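Working notes, beginning with the structure itself.
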Amino acid sequence: MSLFRRKNSPHWWYQITDATGKRIQKSTGTSDEVKAQELHDRLKVSVWDQKRLGIKQRRTWEEAVLRWLEDKAKKSSLTADKSHLRFLDRFLREKFLDEIDADLIRDITQARRQAYELPRKKGPARQIEPKATTVNRTLEVLRGVLIRAHVVWQWLDRIPPVPMDEVPPPPTRWIKRDKAEELLEALPHHQQAMVRFALDTGLRRSNITHLQWSDVDLDRRQAWVHADQAKAGKPIGIPLSAEGLAVLQGQKGKDQRWVFPYRGKPVTQVATKAWRTAVKKVGIARGFRWHDLRHTWASWHAQDRTPLDVLQILGGWGSIEMVQRYAHLDDDHLHQWVDRRVSLKSQATQDADELTTQKKKATEEVA
C-alpha cells in the first residue's frame, strides 16, 4: 500500500491490494496529506480485517454513489439527483457507509435547511430559503443510496433512520372550463395546441412536449407513453377523444418526428413569459403552473362522474390514493341525502307562521 501524487491532480492518491488480490488505484478526494493518510490507513485496516478475520469489506460513500449512478442511469430525474449528491458529497466524501449515523444525518439536514445565495449575471446574489420539499428530496436521495447498499448490494448490515421534514399537502389547483377557454385565447399559437392536448389527455408536460409521431396511431385514435417515459414506470395507453384527435390532426405536417415542435425541435420550456402573461391576463390565481393543467383535467373527470379506478388508469397513477384528492369534486350524489334530512325551519317559514298566528289572534279578538 502506498500514498502518492499524480501529475495534474491536486489530490493525493492511494494504491492498495484488496482482499481478493486485485490492485486498486484511486484518488483520496483531498489535497490534505494528513486526511489522505488517514483514509489510506483505514483502508489498510479494512483489508487486513477482511483477509484475516473474514469481516465484510467496508465500502465508501464514493463507491456507493458511483454504483448507484450506474444502476439509475435511465432514471428521468437523474440530473436533479446529481445536484443533491453534490451537496451530500461535502459531508460524506471521505466516509465509509457504516460511518453514516443519525448524528451525521442530523448535521446534513440542518445544513440543508440553511439559506444560501444564488449568483446572478446582473445585480446582487439572490437569497434562497430552501423549502421543506427541497430538504426532503436531498434526504430521499441519501436514503435511496443507503437502502440500495443494504438491500441490493448487501454492503451494509443495517441503515440509520433518515427522518423527513413535515410538508403540508400542496393545494390542488384547477380552473373551470370557461376560464380554460380564456387562457387558450391568450396564449401564443404554438402553446395553444399543447395546452388543449394537456386538458384533453391529462398527460404530464414532458410526455406532451416530447411526444413523437411514432407513438401515435390516428386511425385507432390511440397514443402511447412508454414505461421509461412514465413517472410510475409503467406504459400508458392514451385513448384519444374527438377533441384530442382534432388537435393532433392540426399538427400533421409541421415536423416528421415531433408532434408539437417549435422551430424543428421539441419545446424545452413551457413556463415562459408568454404563459405567465396569459395566466395573469385572464385573472387566474397566482402560482398556477403547467402541471395544474393535469389537475384540471382530473378535476373535470371527477365532476363528470368518471369512476376513480378508471381515472387512475387514464392518468397513469401508481396508486388509487393519488386519485383520491379529486373525489370530493364529485359531490352531486350527496345532495339527495342532505335534502332528506329534517332541517330547522327557515327564517321565511318562521315569519309566515308568526304572521298566521297574529292574524288568527286578531280575528279571535274581533269576534
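These numbers come from a predicted model, not from an experiment.
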Hey, are the side chains of [X] and [Y] touching, using non-hydrogen atoms and a 4.5 Å cut-off?
| X | Y | result |
| --- | --- | --- |
| L156 | F96 | no |
| R67 | R148 | no |
| R204 | V225 | no |
| Y326 | W174 | no |
| I108 | L92 | yes |
| L248 | F197 | yes |
| T209 | M194 | yes |
| F260 | V247 | yes |

[X], [atom1] atom: more than 12 neighbouring heavy atoms under 6.0 Å:
| X | atom1 | value |
| --- | --- | --- |
| Q127 | CD | yes |
| E166 | CD | no |
| K131 | NZ | no |
| K179 | NZ | yes |
| R177 | CZ | yes |

- In terms of ring plane angle, is the pair W155 and W153 parallel, tilted or perpendicular, where the classes change at 30° and 60°?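 Aromatic pair W155/W153 classed tilted.
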Any side-chain to backbone donor/acceptor pair from [X] onto [Y]? Under 3.5 Å, distance only.
| X | Y | answer |
| --- | --- | --- |
| R276 | A271 | yes |
| H295 | R173 | no |
| W213 | D255 | yes |
| D101 | L104 | yes |
| D41 | E38 | no |
| D304 | T306 | no |
| Q192 | L184 | yes |
| W290 | V195 | no |
| R5 | P10 | yes |
| R221 | L240 | yes |

- Query: Quick one: which of V162, N136, L139 gives a side chain to side chain contact (heavy atoms under 4.5 Å, CB included) with T109?
  - Reply: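 Going through V162, N136, L139 one by one, the side chain to side chain contact (heavy atoms under 4.5 Å, CB included) with T109 is satisfied by L139 alone.
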- Message: Taking side chain to side chain contact (heavy atoms under 4.5 Å, CB included) as the criterion, tell me which of E185, Q191, H190 meets it with L187.
- Response: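 Answer to the side chain to side chain contact (heavy atoms under 4.5 Å, CB included) test with L187 among E185, Q191, H190: Q191.
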- Query: Is R294 positioned over the aromatic face of W317, cation under 6.0 angstrom from the ring centre and no more than 45 degrees off axis?
  - Reply: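 Checked: cation-pi criterion met.
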- Within 45 degrees of the axis of the six-membered ring of W13 and under 6.0 Å from its centre: does R6 put its NZ or CZ there?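 Yes; both conditions hold, so R6 lies above the ring face of W13.
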Drop me the distance from [X]'s [atom1] to [Y]'s [atom2], to the nearest 0.5 angstrom.
| X | Y | atom1 | atom2 | result |
| --- | --- | --- | --- | --- |
| H11 | D32 | NE2 | CG | 10.5 Å |
| I313 | I236 | CD1 | CD1 | 11.5 Å |
| S299 | R325 | OG | CZ | 9.5 Å |
| I284 | T296 | CD1 | OG1 | 8.0 Å |

In terms of hydrophobic clusters joined by side-chain contacts under 4.5 Å, are [X] and [Y] together?
| X | Y | value |
| --- | --- | --- |
| L146 | V65 | yes |
| L66 | W61 | no |
| F91 | V135 | yes |

- salt bridge (charged side-chain N to carboxylate O under 4.0 Å, His left out) partners of K75, counting only residues at least two apart: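 Testing K75 for salt bridge (charged side-chain N to carboxylate O under 4.0 Å, His left out), a comparison that skips the adjacent residues, returns D81.
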- Query: Do D292 and R289 meet the salt-bridge criterion of a basic N to acidic O distance under 4.0 Å?
  - Reply: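 Looking at R289 and D292, the cut-off is met.
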- Message: Any donor-acceptor pair under 3.5 Å linking the side-chain atoms of T60 with those of E63?
- Response: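 Short answer, yes.
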- Query: Can you check side-chain contact (heavy atoms from CB on, under 4.5 Å) on Q229 and N207, steps first, answer last?
  - Reply: CA-CA 7 Å; Q229 300 166 339; N207 296 143; 4.0 Å; yes
- Message: Between H210 and W258, is the ring centroid distance below 6.0 Å?
- Response: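 For H210 and W258, the ring centres are under 6.0 Å apart.
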